[in-house]
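Computed from heavy atoms alone, side chains included, the values below leave out hydrogens, waters and symmetry copies.
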Amino acid sequence: MKSSRFIALSVIALLVFGAGAMTNAAFAQNLDDDRWYLGEAAQADTYYIYEIEDYYVKNGAPFTMSLYFKEQDSNGVWTVPVYVVESSGKVITGTFRLGDNLAFQSAGSDVSAEMTPYVGAYQDTLTWLEAFTNKAQPESLNGVTWGKLACIGCGTLDPKGNEEVTAAGNTYQTTVLVNARGQNDSKIWVAKELPYPVKALTYADVNFGEAPVQYAFDLVEIGTGEPPVPSDTTVIPDSPITLSTGRGTYIITLSWSPNTIEPGKETEFTVQFENNKGTPIERVNYDLTIKNAATGEVIQELKNQNTGQSSSDTIAVNFEQGGPVTATVKINYTEGGNTGDIGVFLESADFNIVVVPEFPVAMVALTAALASIVLAVRLKGLPGKNWPA
């Protein structure tokens with residue numbers, strides 16, 4: 001159990017795998033039962049597409065996850081090809097092996113380093129309820145409570161009536177599971193006929209300050225057969241980028257010059273800090289860590305940088321290779337005192353930027369030169385019409 005995550009304090013029972021896939025008749029019979037568990041309604045040759053955000057992945061940046069339930073073996077284990085489309089437009093592919101309660105199984109799964117964070121996101125979001133309800137011990141959608149949460153004073157997860165929800169072009173009668181927190185109640189909407197919840201909106205447990213969204217997701221598409229293969233439309237962002245820290249306490253702006261970042265050429269980054277009202281703050285101590293977005297390898301790490309009597313600071317960076325990178329700015333403390341590490345929630349922001357490879361730039365120049373030569377040859381041949389039409 002990872003205590004830093006929003007995980008239930010429940011003992012997960014040993015799964016008893018069925019001898020094979022559930023028949024349609026058995027599934028229809030189970031719909032009359034008010035109990036539900038993850039994976040109960042999973043059907044072969046069916047896909048589900050969700051829009052998800054997870055505090056722990058890419059600073060909560062939204063992404064799309066497509067899961068295609070291709071086939072289920074005699075042990076109840078599903079083979080599920082997965083597509084993830086990041087907010088930048090980048091597409092990541094992999095294959096999950098899922099138990100009949102939809103828990104991820106590393107054995108047999110095909111997961112790259114780029115997909116690994118999204119395995120965690122899958123476990124934190126779509127299958128978070130697996131700690132409460134599973135095939136061995138399904139919970140009633142009309143019950144009083146599903147159990148307690150791990151954090152001290154976080155209360156219980158309870159069914160709190162029904163709500164009609166429209167998602168993926170369908171209307172579902174859902175049961176709303178609620179963890180009452182006063183101002184920010186966490187809610188998960190469950191439909192009996194779906195293997196995952198329809199949607200969720202949950203908040204983190206914090207001692208003070210505004211609670212950030214822990215995770216949220218919505219079902220956006222459901223269908224039979226293989227899902228459409230998404231196209232990679234990676235976008236190269238322009239300077240500047242402005243983000244809020246996870247708890248919304250500060251606003252960080254990262255700008256750079258020149259706007260096109262190229263390997264082998266110095267890039268000047270400027271980091272600017274404001275509070276959540278947009279007022280510049282001075283004397284900020286911060287860390288800047290730049291990593292290869294695909295491998296997680298640290299490219300450059302600068303600790304305990306200071307803005308002094310200013311709200312901004314400038315740093316020069318030279319990249320050796322092209323490709324997507326993540327620049328993480330973490331606030332350690334400001335004039336008001338230590339703010340960098342409050343519980344498990346760091347006051348930080350992740351900036352996704354792209355270093356343009358040298359090869360494509362050279363190819364662009366070469367293509368332009370060749371086009372000029374061809375055009376000149378054709379223009380020269382026009383008067384005598386000595387080239388084929």
Under 3.5 Å side-chain donor-acceptor pair for Ser348 and Thr328 = no

Would you say Gln321 has more than 12 foreign heavy atoms packed within less than 6.0 Å of its CD?
-> no

Ring centres under 6.0 angstrom apart (Phe104, Tyr122) | no

Is there a donor-acceptor contact under 3.5 Å from the side chain of Asp34 to the main chain of Leu141?
-> no

Verdict with reasoning, Glu226 to Lys70, per salt bridge (charged side-chain N to carboxylate O under 4.0 Å, His left out) | CA-CA 8 Å; Glu226 295 187 25; Lys70 184 177 181 179; over 6 Å; no

So, Gln214 and Thr202: side-chain donor and acceptor under 3.5 Å apart, yes or no?
-> no

Is the centre of the Tyr196 ring less than 6.0 Å from the centre of the Phe217 ring?
-> no

Arg283 and Thr334: side-chain donor and acceptor closer than 3.5 Å?
-> no

Please tell me if the side chains of Val82 and Met65 come closer than 4.5 Å, counting only heavy atoms from C-beta onward.
-> yes

Would a distance-only check, ignoring hydrogens and angles, find a side-chain to backbone donor-acceptor pair under 3.5 Å from Thr133 to Leu129?
-> no

Side-chain contact, heavy-atom cut-off 4.5 Å: Phe319 with Glu266?
-> no

Any donor-acceptor pair under 3.5 Å from Asp218 side chain to Val220 backbone | no

Is there a donor-acceptor pair closer than 3.5 Å between any side-chain N or O of Thr245 and the backbone N or O of Tyr250?
-> yes

Trace of the side chain to side chain contact (heavy atoms under 4.5 Å, CB included) decision for Val284 with Tyr333 | CA-CA 6 Å; Val284 179; Tyr333 57 86; over 6 Å; no

Go through Glu139 and Arg35 one step at a time and tell me if the salt bridge (charged side-chain N to carboxylate O under 4.0 Å, His left out) criterion holds.
-> CA-CA 5 Å; Glu139 287 287 349; Arg35 295 178 298 172; over 6 Å; no

Minimal non-hydrogen separation, Pro263 against Val356, with atom names = CD-O, 2.9 Å

Closest heavy-atom pair and its distance - Ala61, Ser87 = CB-OG, 3.9 Å

4.5 Å side-chain heavy-atom contact, Ile52 and Tyr215 | no

May I ask you to say whether Lys135 pairs ionically with Asp100, meaning some side-chain N is under 4.0 Å from a carboxylate O?
-> yes

Using 4.0 Å as the upper bound for N to carboxylate O, is an ion pair formed by Arg97 and Asp73?
-> yes

Shortest non-hydrogen pair, Val355 vs Glu262, comes out as CG1-C, 3.9 Å

Where Pro81 and Thr79 come nearest, the two heavy atoms and their spacing = CD-O, 3.7 Å

Between Thr249 and Asn276, is any side-chain donor less than 3.5 angstrom from a side-chain acceptor?
-> no

Would you say Ile315 and Thr270 make side-chain contact, with heavy atoms under 4.5 Å?
-> no

OG1 of Thr166 to NZ of Lys199, rounded to nearest 0.5 Å, is 9.0 Å

Can you tell me if Ser310 uses its side chain to pair, donor with acceptor, with the backbone of Ser312 under 3.5 Å?
-> yes

Would you say the side chains of Thr326 and Asn352 form a donor-acceptor pair under 3.5 Å?
-> yes

Group every Ile, Leu, Val, Met, Phe, Trp and Tyr by side-chain heavy-atom contacts under 4.5 Å, then state whether Trp256 and Val235 land in the same group.
-> no

Any Lys/Arg nitrogen of Lys303 or Asp287 sitting under 4.0 Å from an Asp/Glu carboxylate oxygen of the other?
-> yes

Could you tell me whether a side-chain N or O of Ser109 sits under 3.5 Å from a main-chain N or O of Gln105, the two making a donor and an acceptor?
-> yes

Report yes or no: does Asp158 contribute a side-chain atom to a donor-acceptor pair with the main-chain N or O of Lys160 at less than 3.5 Å?
-> no

So, Trp146 side chain and Ser140 main chain: donor-acceptor pair closer than 3.5 Å or not?
-> yes

Looking at Val57 and Pro117, what are the two nearest heavy atoms and their distance?
-> CG2-O, 3.5 Å

Full working for side chain to side chain contact (heavy atoms under 4.5 Å, CB included) between Glu53 and Phe63 = CA-CA 6 Å; Glu53 60 179 272; Phe63 62 92; 5.9 Å; no

Do side-chain atoms of Ser186 reach the backbone of Tyr203 as a donor and acceptor pair under 3.5 angstrom?
-> yes

With a 4.5 Å limit on heavy-atom distance, are the side chains of Phe273 and Val329 in contact?
-> yes

Please lay out, stage by stage, how Tyr286 and Leu302 fare under the test side chain to side chain contact (heavy atoms under 4.5 Å, CB included).
-> CA-CA 9 Å; Tyr286 69 97; Leu302 301 170; over 6 Å; no

At what distance, to the nearest 0.5 angstrom, does OG1 of Thr64 lie from OH of Tyr50?
-> 13.0 Å

Cluster question for you: counting only ILVMFWY and a side-chain heavy-atom cut-off of under 4.5 Å, with indirect links fine, are Val91 and Tyr48 together?
-> no

Just checking, any donor-acceptor pair under 3.5 angstrom between side chains of Asp185 and Asn179?
-> no

Go through the steps for Leu102 and Tyr37 under the test side chain to side chain contact (heavy atoms under 4.5 Å, CB included), then give the verdict.
-> CA-CA 10 Å; Leu102 305 188; Tyr37 64 89; over 6 Å; no

Could you pull out the closest heavy-atom pair between Val111 and Thr95, with the gap in Å?
-> CG2-O, 4.2 Å

Between CG of Asp350 and OG1 of Thr289, what distance do you get to the nearest 0.5 Å?
-> 9.5 Å

Do the side chains of Leu126 and Leu194 join up, straight or via other hydrophobic residues, at under 4.5 Å, putting them in one cluster?
-> yes

Could you tell me whether Glu114 and Lys90 have a side-chain N and a carboxylate O separated by less than 4.0 Å?
-> yes

Mind checking whether Thr175 and Trp36 have side chains closer than 4.5 Å, heavy atoms only?
-> no

For Tyr55 and Asp124, does a side-chain donor sit closer than 3.5 Å to a side-chain acceptor?
-> no

Connected via hydrophobic side-chain network under 4.5 Å: Leu254 and Ile251 = no

Value for NZ (Lys187) from CD (Glu163), rounded to nearest 0.5 Å, stands at 7.0 Å

Going through the distances and angles, do Glu301 and Lys291 end up as a salt bridge (charged side-chain N to carboxylate O under 4.0 Å, His left out)?
-> CA-CA 9 Å; Glu301 187 172 33; Lys291 296 182 179 181; over 6 Å; no

Under a 4.5 Å side-chain heavy-atom rule over Ile, Leu, Val, Met, Phe, Trp and Tyr, are Tyr68 and Ile222 clustered together?
-> no

Is it true that the side chains of Thr253 and Thr242 contain a donor and an acceptor less than 3.5 Å apart?
-> yes

Validation row, ring centre Tyr47 to ring centre Phe69 under 6.0 Å | no

Do side-chain atoms of Asn292 reach the backbone of Gly296 as a donor and acceptor pair under 3.5 angstrom?
-> no

Do we see a donor-acceptor contact under 3.5 Å between the side chains of Asn101 and Asn134?
-> no

Do Phe351 and Leu288 come close enough that some side-chain heavy atom pair is under 4.5 Å?
-> no

Is any side-chain heavy atom of Leu157 less than 4.5 Å from a side-chain heavy atom of Leu177?
-> yes

